[in-house]
Structure formats: structure tokens, C-alpha cells
Amino acid sequence: MDIREKIIKLKKEKNAVILAHYYQRGDIQDIADFVGDSFYLAQVGKKSDAEIIVFCGVRFMAESAKILSPEKTVLFPCYTEAPCCMEYMATPEEIIQYKEKYPEVKVVTYVNSSSAVKTVSDVCCTSSSVENIINNLDAEKILFVPDRNLASYVQEQIPHKKIIPWDGCCNIHDAVKVSDIEKAIGENGKDLIIVTHPECKKDIRDMSHYVGSTSGILNYVKNSNDKRFLIVTEKGIYHQLIKDNPDKEFFFLPMLCKAMKKIFPETILESLETMNGEILLDDETVTKAAKALNNMLLFSKPRGE
């Protein structure tokens, strides 16, 4: 048997489900049972009947799956540490100090954060769920941790609330410059439709035809009559884009998250064989962080649903 066949066999024997983020390598997405953004995968992991979750993403995603499903075994099939750069841009101590000083402020934490920060947050969010969550919160002032660019985007969408940004960012999206967009247009044509993730800076978002989450980008492109797109987010999304749109042409900037590329078929197979890479969190962390993550699922529906 080849590696893929061995993984499928072991997965069935051990009642495991493999979840992969859109930024994973293409061969990992093809092995996975479910591919999606972090919010979708959080829901799938929680609802799955599998006893073992193999999470292919970055570490906070695997930890979130463990927090939402503490009774399940969660495997993170990575030989080395693979944290999102935003996981440690805020500390629980800093959040506690802020809450003590401004008790009327609710803390909304981007799911791209450490489990420790989640324990002191009122609710978590993803880029696809953040607007609904903040609209559903009974608070006029929101401390948004840690991505200042996403906070800026949300403030534009929800002007009736005060969004206070933390000073953090995704180093991949934040590094994009106007000159990068202009160069791509100059090299590939002015007919390019610019589609951008809200983790980018405001000047990049303002140049774009569409701004949205990973799943939002995929849906926008799929439903568009346009044929040529500049995709301003991590390049791993190309694998799903070309599957959905074989008749369309895609261009990318050099946006590569190295942490997202540390999982391979070999590491998945080894994890399933040996149970290496198990996510272990103490009970207190699980209990406290689960509140913020469950609130994410609770408050994510549009108001009135």
C-alpha cells in the first residue's frame, strides 16, 4: 500500500477524521475528510462521531478542537512547533489588566490566539463570523485581540460600535504593500479582480473589489462571472480555487505561511500509527477557553435567526 492507502486504512480502524485548513499543502487537502476555514473545521470537529481528530493546520486550531471536544483524542501531526504568528501577540495577563481597568469592555479574541488568551476572553471569532458575533454582543465597546487590521475592517462594517484594536497582526497579510498590488496589475493586466483577506491593511483593502474570509473568497470567486483574479491571501487557497474554477485564472503575491506547510502525509501516517502529536491541555484551560469558543458558535448566527 502507498501512504495514502495506509492512512485511509488506519483512519477507518481507529475511527479517526482528518481535518485540513485551506492553507495546507494540496496533498494534505486531498487526504483530508473535510477541508475548510477554521470556523467550519471547529464545527466539524465538535459534531463528528470520530473518536480521533487529526488536525492539519497550525497549533491553535488543533488546541481549539481539543477544547471543544475534550473527550476526543486530538492529534497534531507535525514534527516541529507550528504556531500561528498571532498566537503570542497578546498574553492573558495583559487582557486581565485591560478588563480590570475597563470592565464595561467585552473582549473578542480572534481564534488565531493562544489557548491561554482564550481563557480570559468573552468570545472568540473567525474572520467569517466576526461581524455577526460583535453585532450579537450586548456591548458598545469591544477590545479586539490581536489583529489590528481585522479590527479596522470590522469597525468599517460596524460603525455603531467602538472597536478597540490590539497591536498585533498576521505578518504574511500585513506585509502586503500597495506597490505589490500595482506591480501584479502591471505584469498581468488591469482586468484583474482583486480579492483580499481582511487581515491586510486598509490601503490594500481599499484597492480591492472584494474583501472577505477564506471561505468568503472562495464563494465570491465561484459565483463571479469574471475570469482573472489577483488573490491577496496565503497561496494554499489555490488548490481549492482551481478545483472549483478550472476555467478561471489566478495570480498570487509571494504570501506563504511556513507554519501551515509543516504537515506531510508521512507525519499524518506516523501520528495515526503511534498516536504521537496528541494535544494535551489541563482541565482548567479547557473549561475556561471552552466558554469563549462555545460563545463563538452561539453568537455566530445573524441577528434574528
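- At least one side-chain heavy atom of Cys200 sits under 4.5 Å from a side-chain heavy atom of Val232.
- Atom OH of Tyr238 is surrounded by 12 or fewer heavy atoms from other residues, nucleotides or ligands within 6.0 Å.
- Counting heavy atoms from C-beta on, the side chains of Thr196 and Met207 never come closer than 4.5 Å.
- For the atom pair CG of Leu150 and OG of Ser213, the computed distance is 10.0 Å after rounding to the nearest 0.5 Å.
- At most 12 non-hydrogen atoms from other residues, nucleotides or ligands lie less than 6.0 angstrom from NZ of Lys9.
- Under a 3.5 Å cut-off, the side chain of Asp122 and the backbone N or O of Val108 do not form any donor-acceptor pair.
- The main-chain N or O of Phe60 is found under 3.5 Å from a side-chain atom of Ser64 such that the two form a donor-acceptor pair.
- Note: the hydrophobic cluster containing Leu253 does not contain Phe250 (ILVMFWY, side chain heavy atoms under 4.5 Å, direct or indirect links).
- Taken to the nearest 0.5 Å, the OG1 atom of Thr214 stands 4.5 Å off from the NE2 atom of His21.
- Counting non-hydrogen atoms of neighbouring residues, nucleotides and ligands closer than 6.0 angstrom, the CG atom of Asp283 reaches no more than 12 such neighbours.
- Annotation: Lys99, atom NZ; neighbour count of heavy atoms from other residues, nucleotides and ligands within 6.0 Å is above 12.
- In terms of modelled atom types and a separation under 3.5 Å, the side chain of Thr267 and the main chain of Phe264 share a donor-acceptor contact.
- Side-chain contact between Lys46 and Leu297 is present, with at least one heavy-atom pair separated by less than 4.5 Å.
- At distances below 3.5 Å, at least one donor-acceptor pair connects side-chain atoms of Lys161 with backbone N or O atoms of Ile134.
- A 4.5 Å side-chain heavy-atom check between Ile193 and Tyr220 finds at least one atom pair inside the cut-off.
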Notebook entry, point to check: Would Arg4 and Asp2 count as a salt bridge (charged side-chain N to carboxylate O under 4.0 Å, His left out) if you check the C-alpha gap in whole Å, the side-chain angles of each, and the deciding distance to 0.1 Å?
Noted result: CA-CA 6 Å; Arg4 184 187 178 96; Asp2 63 18; over 6 Å; no

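- Taking the six-membered ring where tryptophan is involved, the planes of Trp166 and Tyr98 are perpendicular, since the angle between them exceeds 60° and thus also 30°.
- Note that CZ of Phe252 and CD1 of Ile237 are 6.5 Å apart. Values are rounded to the nearest 0.5 Å.
- Looking at Lys118, its side chain does come within 3.5 Å of a backbone N or O of Val111 through a donor-acceptor pair.
- Remark: Asp138 pairs with no residue by the side chain to side chain contact (heavy atoms under 4.5 Å, CB included) rule, at least two apart or across chains.
- Within the 4.5 Å cutoff, the side chain of Lys248 has no heavy atoms near those of the Leu241 side chain.
- Two residues are said to be in side-chain contact when any heavy atoms from C-beta on lie closer than 4.5 Å; Val221 and Ile231 meet this criterion.
- The side-chain contact (heavy atoms from CB on, under 4.5 Å) with Val286 is formed by just one residue from the set Leu293, Thr119, Leu281; it is Leu281.
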Note to self: One pair to check against side-chain contact (heavy atoms from CB on, under 4.5 Å): Tyr210 and Ser224. What are the steps and the verdict?
What the structure shows: CA-CA 11 Å; Tyr210 174 80; Ser224 174; over 6 Å; no

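- A continuous path of Ile, Leu, Val, Met, Phe, Trp and Tyr side chains, each step under 4.5 Å between heavy atoms, connects Tyr102 with Ile164, placing both in one hydrophobic cluster.
- Classification of Arg205 and Glu156 as a salt-bridged pair holds, one side-chain N sitting under 4.0 Å from a carboxylate O.
- Here the side chain of Gln155 pairs a donor or acceptor atom with the backbone of Ile163 at under 3.5 angstrom.
- Taking CD of Glu270 as the start and CG of Asn276 as the end, the distance is 5.5 Å to the nearest 0.5 Å.
- Listed by first and then second residue, the side chain to side chain donor-acceptor pair (under 3.5 Å) pairs involving residues 249-265 are Arg228-Glu249, Glu234-Lys261 (not counting sequence neighbours).
- Taking hydrophobic clusters as Ile, Leu, Val, Met, Phe, Trp and Tyr residues chained together by side-chain heavy-atom distances below 4.5 Å, Val17 shares a cluster with Leu68.
- Looking only at atom types and distance, the side chain of Tyr40 has no donor-acceptor partner in the side chain of Thr126 under 3.5 Å away.
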Next item on the list: In sequence, state the C-alpha distance, the side-chain angles, and the governing distance for Lys222 and Asn245, and then conclude on side-chain contact (heavy atoms from CB on, under 4.5 Å).
Entry: CA-CA 6 Å; Lys222 191 173 184 177; Asn245 310 275; 4.0 Å; yes

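- The hydrophobic cluster containing Ile52 also contains Ile67, counting ILVMFWY residues as joined when their side-chain heavy atoms lie under 4.5 angstrom apart, directly or transitively.
- Counted within 6.0 Å of CG on Asp247, heavy atoms from surrounding residues, nucleotides or ligands total more than 12; the atom is thus considered enclosed.
- The side-chain heavy atoms of Leu218 and Tyr22, taken from C-beta on, include a pair separated by under 4.5 Å.
- For the side-chain hydrogen bond (donor to acceptor under 3.5 Å, both in side chains) with Asp27, the lone residue among Gln29, Gln24, Arg25 that qualifies is Arg25.
- Interatomic distance, Ser271 OG to Ile7 CD1, rounded to the nearest 0.5 Å: 10.0 Å.
- For the pair Asn219 (side chain) and Gly216 (backbone), a donor-acceptor distance under 3.5 Å is absent.
- When atom types are taken as modelled, the side chain of Asp33 and the backbone of Ile18 share a donor-acceptor pair closer than 3.5 angstrom.
- When the shell of 6.0 Å around NZ of Lys72 is examined, it contains more than 12 heavy atoms from other residues, nucleotides or ligands.
- None of Lys202, His197, Lys201, His173 except one satisfies the side-chain contact (heavy atoms from CB on, under 4.5 Å) rule with Asn149; the exception is Lys201.
- With a 6.0 Å radius and a threshold of 12 heavy atoms from other residues, nucleotides or ligands, Lys227 has its NZ atom above the threshold.
- Side-chain contact between Asn294 and Leu298 is absent, with no heavy-atom pair separated by less than 4.5 Å.
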Checklist line | Verdict with reasoning, Arg148 to Asp174, per salt bridge (charged side-chain N to carboxylate O under 4.0 Å, His left out) | finding: CA-CA 10 Å; Arg148 59 178 180 262; Asp174 188 67; 3.4 Å; yes

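- Remark: Glu104 CD is packed, more than 12 non-hydrogen atoms of other residues, nucleotides or ligands lying under 6.0 Å away.
- Phe34 and Met61 fall within a single hydrophobic cluster, where Ile, Leu, Val, Met, Phe, Trp and Tyr side chains are chained together by heavy-atom contacts under 4.5 Å.
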Notebook entry, point to check: What's the verdict on side-chain contact (heavy atoms from CB on, under 4.5 Å) for Leu272 and Val54, showing C-alpha distance, side-chain angles and the deciding distance?
Noted result: CA-CA 8 Å; Leu272 283 169; Val54 182; 3.9 Å; yes

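- For the atom pair CG (Leu230) and CD1 (Ile185), the distance works out to 7.0 Å, reported to the nearest 0.5 Å.
- Side-chain atoms of Glu278 do not come within 3.5 Å of backbone N or O of Met275 as any donor-acceptor pair.
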